[in-house]
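So the structure is just underneath, and the comments pick up after that.
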Number of protein chains: 2
Amino acid sequence: MTKKLAKSAISQKRVLDAAAKIFRDNGYAGTTMRMIADEADLKAGSIYYHYESKDELISAVLDLGIHAVIETVKAALDALPSDASGRQRVETAIRAHLSAIIDNGDYTLATRRVFGQVPKPIREKNQRLRSSYATMWQGILMDAQKRGEFRSDTDLSLARLFILGALNWTVEWFKPGGRSIDEVARTFSGVVIDGLVTDSGMMTTTKAQPPSKQKAAPRTPRIRAL
Amino acid sequence: MTKKLAKSAISQKRVLDAAAKIFRDNGYAGTTMRMIADEADLKAGSIYYHYESKDELISAVLDLGIHAVIETVKAALDALPSDASGRQRVETAIRAHLSAIIDNGDYTLATRRVFGQVPKPIREKNQRLRSSYATMWQGILMDAQKRGEFRSDTDLSLARLFILGALNWTVEWFKPGGRSIDEVARTFSGVVIDGLVTDSGMMTTTKAQPPSKQKAAPRTPRIRAL
DNA sequence: TTAAAAACCTAACACTAGTTAGAAAATCAA
DNA sequence: TTGATTTTCTAACTAGTGTTAGGTTTTTAA
């Protein structure tokens with residue numbers, strides 16, 4: 001009875017996608033309703049049939065961006081066996097997060113670039129969503145630390161900020177056709193979990209060990225390329 | 001003979017600082033000359049005595065931001081003994097980079113948020129500076145890898161992107177009065193170089209090892225707090 | 001086919017943007 | 001104190017902003 005929104009829903013999504021793309025390239029104030037309308041094959045006035053203001057548009061872009069990430073990561077974690085290790089959970093979350101932000105690149109980039117410039121109430125509403133996501137990550141890391149998988153001398157709040165900061169930065173340089181998401185996720189997990197350093201450590205300044213002589217894939221089987 | 005620029009230089013710097021702060025909070029298009037003028041205790045028209053356009057202003061902010069970082073990091077690396085280890089170099093670069101971007105927080109944040117929205121020629125000019133900085137980091141990482149200090153199975157281009165992405169993100173959450181720069185730099189170096197994982201590795205799912213039982217500071221002496 | 005509902009467009013509104021020309025004030029050299 | 005130079009201000013211009021009211025077209029339901 002109350003479900004016929006056919007064309008309207010399509011246009012609404014088209015406008016939102018257009019908005020994300022334009023906000024991404026021009027920032028909050030630099031984006032005009034006329035630009036968005038152009039991108040969505042509409043006239044500026046018509047946008048107001050779907051969204052009641054520019055602020056509601058940016059708010060929707062912001063919320064949808066983080067929401068997509070939360071759902072993707074949650075689903076990936078839920079699909080893990082309940083006895084999965086901390087390492088597996090972190091690797092999984094990293095890959096899912098990467099997937100989500102790259103699939104929704106326009107939204108993620110728009111958010112990244114526009115977040116600090118948006119009217120305060122909108123920003124605060126979106127911030128609540130982001131905080132809940134941060135809490136989820138914090139849980140994963142703390143779990144692994146409590147189990148003894150992760151070192152106990154690492155401030156996990158800081159670690160989380162590093163990880164999410166680095167992850168979100170990928171959308172700035174990731175180009176389809178270049179390195180695959182899997183490749184990036186693996187390398188990133190490797191750096192974060194095992195570090196850059198060789199397993200043998202580095203206490204003295206030795207002369208160039210033959211680098212070929214190292215076990216290439218230590219713990220989790222490290223599938224090479226794909 | 002050609003050096004008397006006294007008051008002019010002061011005003012010029014004041015305008016630039018004001019511009020960085022306003023660009024930071026409002027983005028490129030959202031920043032008006034009148035806002036900058038207000039922040040610098042001037043009238044909008046007067047800015048044009050020092051800078052010939054809004055574009056020249058943003059360009060100056062962008063360039064100065066990255067320039068400060070380059071100089072600081074270079075100086076810190078040059079101060080190291082020539083036989084310094086890769087680990088030392090990376091730790092030093094991380095700390096210097098953090099110092100620089102936090103000291104110039106307005107410029108760094110402005111750059112982060114505005115870079116993608118700025119007219120193309122300006123962005124490309126600034127990109128050249130940033131690329132040279134990236135090359136420098138790449139050199140540090142590759143050196144350490146060649147010496148055998150860093151694992152050979154890590155894609156260092158990706159690693160560099162992660163490191164710089166995470167580092168630059170710190171300005172978004174760092175608050176003076178909270179954790180010190182040293183603290184942040186140490187934790188960050190720890191995660192990136194040694195990883196999150198305990199030295200003992202994690203091949204099976206063991207029941208909660210007593211976390212207190214770990215050697216707290218493995219390689220480089222890890223000074224706790226300060 | 002017809003009339004109502006949904007989707008879109010046009011034209012305008014009050015307001016603010018970057019920029020400039022020329023006048024006024026502040027500073028400096030003599 | 002002068003007069004010249006440097007620095008700042010005032011007032012204005014054109015162009016473009018988000019938003020809206022009311023009219024047109026398209027779609028839908030009968």
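Side-chain atoms are counted along with the backbone in the values below, which use heavy atoms only and exclude waters and symmetry mates. Naming: A, B, ... by sequence-line order, numbering from 1 per chain. Keep in mind that this is a model prediction, so the values were computed, not measured.
Out of D:dC9, D:dG18, C:dC8, the shortest distance to the side chain of B:S46 is found at D:dC9. Of all nucleotides listed (C:dT19, D:dC9, D:dT19), D:dT19 comes nearest to the side chain of A:S53. When distances run from any side-chain atom of A:T32 to the nucleotides C:dG18, D:dG18, C:dC8, the shortest one goes to D:dG18. With C:dG18, C:dC8, D:dT19 as the candidates, the nucleotide lying closest to the side chain of A:S11 is C:dC8. The side chain of B:H50 lies closest to D:dT8, out of D:dT8, D:dC9, C:dC9. Comparing D:dG18, D:dC9, C:dT20 by their nearest atom to the side chain of B:Y48 picks out C:dT20.
One can place CD1 of B:I10 at 17 Å from P of C:dA26, the figure rounded to the nearest angstrom. Look at OH on B:Y49: it is 4 Å from C1' on D:dT6, rounded to the nearest Å. Rounded to an integer number of Å, the gap from A:K54 NZ to D:dG16 P is 16 Å. One interatomic measurement links the two molecules: OH of A:Y51 to P of D:dG18, which rounds to 17 Å at whole-angstrom precision. Distance B:I47 CD1 to C:dA17 P: 12 Å, rounded to the nearest Å. If you measure from atom CD1 of B:I22 to atom C1' of C:dG18, you get 16 Å, rounded to the nearest angstrom. Atom pair A:E52:CD and D:dT20:P shows a separation of 9 Å (rounding to whole Å applied). Taking atom CD of B:Q12 as the reference point, atom P of D:dT8 lies 10 Å away to the nearest angstrom.
Between the side chains of A:N26 and B:Y28, no donor-acceptor pair is found at a separation under 3.5 Å.
Taking the six-membered ring wherever Trp is involved, the centroid distance between the rings of A:Y133 and A:H97 falls below 6.0 Å.
In terms of position on DNA chain D, the residue among A:G30 and A:G45 whose nearest nucleotide sits closer to the 5' end is A:G30.
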Original post:
When you look at B:E149 and B:D143, which way does the side chain to side chain contact (heavy atoms under 4.5 Å, CB included) test go after all the steps?
Top reply: CA-CA 9 Å; B:E149 287 186 66; B:D143 255 30; over 6 Å; no

**OP:** Please lay out, stage by stage, how A:E172 and B:F115 fare under the test side chain to side chain contact (heavy atoms under 4.5 Å, CB included).
**Re:** CA-CA 11 Å; A:E172 298 278 353; B:F115 189 74; over 6 Å; no

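Exactly one residue among B:V73, B:V69, B:L167 makes a side chain to side chain contact (heavy atoms under 4.5 Å, CB included) with B:L98. That residue is B:L167.
The base of D:dG18 sits with one of its N or O atoms less than 3.5 Å from a complementary donor or acceptor on the side chain of A:R34.
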